[in-house]
Amino acid sequence: MTGPTMSRRVLMAGCIGASGLCVARADDSDDPDRMALPQQGDHLVEAGNEPGKDPLKPDDIALQDLTLAWAFDPQKRVARNGSRLNMVLLMRFDAASLSDAEKEYAPDGIVAYSAVCTHQQCWVTDWLKSVQVLQCPCHQSRYDLRQGAKVVGGPAPRPLPALPLALSDGVLRVAGPFTDRVGGAKQGA
């Protein structure tokens with residue numbers, strides 16, 4: 001058991017996803033389709049799974065269980081896993097507990113955000129169930145995923161960018177681009 005803040009599933013997906021990045025970069029890091037941020041119409045695949053094998057469906061996302069994913073271009077059969085900035089985190093909530101702004105792009109209560117902390121670009125992977133916030137393991141920035149991933153603690157300067165979702169043919173699809181720039185502060189800012 002990995003402890004109360006990170007599920008075994010999240011830890012394994014992160015490890016496998018990170019190892020996949022090393023292989024991906026060694027093989028073909030300049031592929032613009034793999035480096036591109038999620039695009040409208042992409043579906044999502046769980047990080048660590050063979051890219052494109054199984055698009056995620058609402059039933060694959062357990063209530064308050066963090067799932068890490070990559071966008072996948074179904075036409076080109078390309079996972080957008082060429083950059084660590086493309087990692088997406090998914091979390092399912094009771095839709096009634098989401099803010100009105102979140103509900104519009106959260107089919108079946110599933111929200112999607114960049115998994116990259118807006119402070120120093122660490123992957124944000126710790127769901128603190130007792131206080132119902134997502135925490136960055138590097139510098140402990142905390143985000144409320146029910147309220148637009150707003151910062152509720154720590155040094156992060158802004159919320160995590162949201163990724164609008166839609167449900168199409170029973171599969172979770174990207175409905176639009178991230179709502180803000182992914183990653184930490186701009187250099188020199």
Side-chain angles (χ1 to χ4, degrees), residues 5-14 16-17 36-74 79-81 84-118 123-136 141-152 156 158-180 182:
T5 61
M6 183 182 303
S7 72
R8 179 183 214 159
R9 181 178 175 188
V10 169
L11 178 63
M12 291 305 295
I16 292 168
L37 289 170
Q39 306 290 309
Q40 186 169 350
D42 286 353
H43 62 247
L44 298 169
V45 295
E46 190 168 3
N49 282 352
E50 182 179 327
K53 181 134 176 129
D54 295 310
L56 287 167
K57 299 175 179 139
D59 289 345
D60 297 328
I61 312 300
L63 195 63
Q64 293 192 29
D65 187 17
L66 184 68
T67 300
L68 297 175
W70 298 111
F72 183 85
D73 182 332
R80 299 194 192 280
N81 60 359
R84 68 183 308 282
L85 298 178
N86 294 349
M87 180 67 74
V88 176
L89 66 89
L90 303 167
M91 180 78 80
R92 183 181 208 149
F93 296 103
D94 175 357
S97 71
L98 298 175
S99 71
D100 289 339
E102 299 311 298
K103 289 177 187 175
E104 183 178 354
Y105 295 111
D108 290 340
I110 299 169
V111 295
Y113 293 98
S114 168
V116 179
C117 186
T118 60
W123 275 343
V124 184
T125 56
D126 294 345
W127 175 247
L128 304 179
K129 195 170 190 173
S130 63
V131 290
Q132 299 288 295
V133 296
L134 187 70
Q135 178 173 282
C136 178
S141 290
R142 291 183 172 192
Y143 301 92
D144 183 347
L145 298 183
R146 289 184 181 99
Q147 300 294 320
K150 75 177 181 179
V151 179
V152 293
R158 60 191 171 86
L160 295 172
L163 185 65
L165 296 180
L167 194 56
S168 175
D169 298 323
V171 173
L172 291 169
R173 294 203 185 264
V174 176
F178 280 113
T179 57
D180 197 1
V182 173

*asked:* When you measure from the side chain of Asp94 to the backbone of Ala96, do you find a donor-acceptor pair of N or O atoms at a distance under 3.5 Å?
replied: yes
*Begin with the C-alpha distance, continue with both residues' side-chain angles, and end with the deciding distance and a verdict on side-chain contact (heavy atoms from CB on, under 4.5 Å) for Val152 and Gln147.*
CA-CA 10 Å; Val152 293; Gln147 300 294 320; over 6 Å; no
*Checking Asn81 side chain against Trp70 main chain: does a donor-acceptor pair fall under 3.5 Å?*
no
*If we ignore angles and hydrogens, is there a donor and acceptor under 3.5 Å between the side chains of Thr118 and Tyr143?*
yes
*So, Gln64 side chain and Ala62 main chain: donor-acceptor pair closer than 3.5 Å or not?*
no
*Could you pull out the closest heavy-atom pair between Pro74 and Asp42, with the gap in Å?*
CD-CA, 4.1 Å
_Ile110 side, atom CD1; Leu90 side, atom CG - distance, nearest 0.5 Å_ = 7.0 Å
*Other residues, nucleotides, ligands: >12 heavy atoms within 6.0 Å of Tyr105 OH*: no
*Between atom SG of Cys117 and atom CZ of Arg142, what is the distance when rounded to the nearest 0.5 Å?*
13.0 Å
*asked:* To check you understand the geometry: which heavy-atom pair defines the closest contact between Met91 and Leu145, and what is its length?
replied: CB-CD1, 4.0 Å
*Determine the minimum heavy-atom distance between Tyr113 and Phe178, stating which atoms define it.*
C-CE2, 4.0 Å
*asked:* Could you walk me through whether Arg80 and Asp73 satisfy the side-chain contact (heavy atoms from CB on, under 4.5 Å) test, starting with their C-alpha distance in whole Å, then the side-chain angles of each, then the deciding distance to 0.1 Å, before giving a yes or no?
replied: CA-CA 7 Å; Arg80 299 194 192 280; Asp73 182 332; 3.3 Å; yes
*Nearest heavy-atom pair of Ala69 and Leu44: which atoms, and what distance?*
CB-CB, 4.4 Å
*State whether the side chain of Ser141 and the backbone N or O of Cys136 hold a donor-acceptor pair below 3.5 Å, judged by distance alone.*
no
*To the nearest 0.5 Å, how far apart are NZ in Lys129 and CG in Asp65?*
8.5 Å
_Just verifying a value: how many Å separate His43 NE2 and Asp54 CG, rounded to the nearest 0.5 Å?_
9.0 Å
*asked:* Nearest 0.5 angstrom please: Asp108 CG to Leu172 CG, how far?
replied: 8.0 Å
*List the steps and the verdict of side-chain contact (heavy atoms from CB on, under 4.5 Å) for Glu46 and Leu56.*
CA-CA 7 Å; Glu46 190 168 3; Leu56 287 167; 4.2 Å; yes
_A side-chain contact here means heavy atoms from C-beta on lying under 4.5 Å apart; do Asp60 and Thr67 qualify?_
no
*Please walk me through it: do Leu89 and Met87 pass side-chain contact (heavy atoms from CB on, under 4.5 Å)?*
CA-CA 7 Å; Leu89 66 89; Met87 180 67 74; over 6 Å; no
_Donor-acceptor pair, distance only, cut-off 3.5 Å: does the side chain of Glu102 make one with the backbone of Gly148?_
yes
*Which value, rounded to the nearest 0.5 Å, describes the distance between Trp127 atom CH2 and Gln135 atom CD?*
11.5 Å
*State, to 0.1 Å, how close Arg92 and Pro58 come at their nearest heavy-atom pair, and which atoms those are.*
NH1-O, 2.5 Å
*For Pro38 and Val88, work out which heavy atoms get closest and say how close.*
CG-CG2, 4.1 Å
*Do side-chain atoms of Arg173 reach the backbone of Gly41 as a donor and acceptor pair under 3.5 angstrom?*
yes
